[in-house]
Novice: 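Please see the structure below; I have some questions.
Because only heavy atoms are used, hydrogens play no part in the values below, and waters and symmetry mates are left out as well, while side chains stay in.
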Amino acid sequence: MTKSQARNFMNVQFAALSENESFARVVVAAFVTRLDPTMEELNDLKTVVSEAVTNCIIHGYDSDPNGIVTITASIDNETVHLTIEDQGRGIEDLELAQQPLYTSKPELERSGMGFTIMENFVDEFEVTSEPGRGTSISMKKTIVSKKALYN
């Protein structure tokens with residue numbers, strides 16, 4: 001594998017605090033900038049990171065700041081692989097949780113669209129969860145080079 005073909009990756013962990021949601025967006029955005037994403041692609045990635053991290057904080061840890069959110073990202077050629085996970089309460093009924101407009105926290109005025117938004121902003125999307133052990137959201141998005149758009 002030559003240096004230009006090398007797989008780039010990162011792993012970051014942070015406290016499950018709502019103010020760290022913006023930190024997570026910036027970290028992922030900075031990581032993918034070498035692919036020269038369009039503004040739309042960058043905004044899509046920032047949106048899915050926001051949704052996933054917010055789910056970890058609010059649903060996984062019930063806003064307990066002692067929880068830890070982990071983001072693992074890698075880049076293979078033009079494809080960004082993201083995994084955002086918690087070791088929190090997990091999801092009892094994953095199929096129900098993925099239904100548009102479903103929320104387990106109606107008192108917080110949640111829209112219930114987080115999974116739907118994430119699924120529509122990336123190329124591949126998968127959620128795994130085990131009650132009492134946490135949730136993992138894996139996503140892939142291929143970045144179309146701006147150079148290709150203008151040639």
Novice: Out of curiosity, E78 CD to I143 CD1, how far, rounded to the nearest 0.5 Å?
Specialist: 9.5 Å
Novice: For the side-chain contact (heavy atoms from CB on, under 4.5 Å) test, which of D62, D86, L17, V69 pairs with I57?
Specialist: V69
Novice: Kindly compute the distance separating CZ (F14) from CD1 (I71), expressed to the nearest 0.5 Å.
Specialist: 4.0 Å
Novice: Identify the two heavy atoms, one from Q13 and one from N11, that lie closest to each other, and give their separation to 0.1 Å.
Specialist: CG-OD1, 4.2 Å
Novice: Given side chains that start at C-beta, do those of N8 and F31 come closer than 4.5 Å, heavy atoms only?
Specialist: yes
Novice: Looking at side-chain heavy atoms only, is the closest gap between S136 and T83 below 4.5 Å?
Specialist: yes
Novice: On a heavy-atom basis, which atom in G134 and which in S129 lie closest, and how many Å separate them?
Specialist: O-OG, 3.2 Å
Novice: Are M10 and F23 connected into the same hydrophobic cluster when the rule is that any two of I, L, V, M, F, W, Y join if their side-chain heavy atoms are below 4.5 Å apart?
Specialist: yes
Novice: Ignoring hydrogens and geometry beyond distance, is a side-chain donor-acceptor pair present between S138 and E126 at under 3.5 Å?
Specialist: no
Novice: Are any non-hydrogen side-chain atoms of M139 and I84 less than 4.5 angstrom apart?
Specialist: yes
Novice: Do Q87 and Y61 have side chains that get closer than 4.5 Å, going by heavy atoms?
Specialist: yes
Novice: Answer with yes or no whether the hydrophobic clustering places I75 together with F121; edges join I, L, V, M, F, W, Y residues whose side-chain heavy atoms lie under 4.5 Å apart.
Specialist: yes
Novice: Applying salt bridge (charged side-chain N to carboxylate O under 4.0 Å, His left out), name anything that partners E130, two or more places apart in sequence or on another chain.
Specialist: R133
Novice: I'd like to know if V27 and M118 are part of one continuous hydrophobic network [Ile/Leu/Val/Met/Phe/Trp/Tyr, side-chain heavy atoms within less than 4.5 Å].
Specialist: yes
Novice: Identify the heavy atoms of D44 and K141 that sit nearest to each other, and give their distance.
Specialist: OD2-NZ, 3.4 Å
Novice: Check for a donor-acceptor pair, side chain of T33 on one end and backbone N or O of A30 on the other, with a separation under 3.5 Å.
Specialist: yes
Novice: For residues I58 and S63, determine if any side-chain heavy atom of one lies less than 4.5 Å from a side-chain heavy atom of the other.
Specialist: yes
Novice: Testing V28, D36, V32, T47 one by one against L42 for a side-chain contact (heavy atoms from CB on, under 4.5 Å), which residue passes?
Specialist: V32
Novice: So which heavy atom on P37 is nearest to which on E41, and how close?
Specialist: CA-OE1, 3.3 Å
Novice: Which heavy atom of A15 sits nearest a heavy atom of P65, and at what distance?
Specialist: CB-O, 3.8 Å
Novice: Rounded to the nearest 0.5 Å, how far does CG of L35 lie from CG of L45?
Specialist: 9.5 Å
Novice: Do the side chains of K140 and D123 get close enough for a salt bridge, i.e. N-O under 4.0 angstrom?
Specialist: no
Novice: Heavy-atom count around E40 CD within 6.0 Å, excluding the residue itself: above 12?
Specialist: no
Novice: What heavy-atom pair brings E85 and C56 nearest, and what distance separates the two atoms?
Specialist: C-SG, 4.0 Å
Novice: Measure the spacing between CD of E119 and CD1 of I137 and express it to the nearest 0.5 Å.
Specialist: 11.5 Å
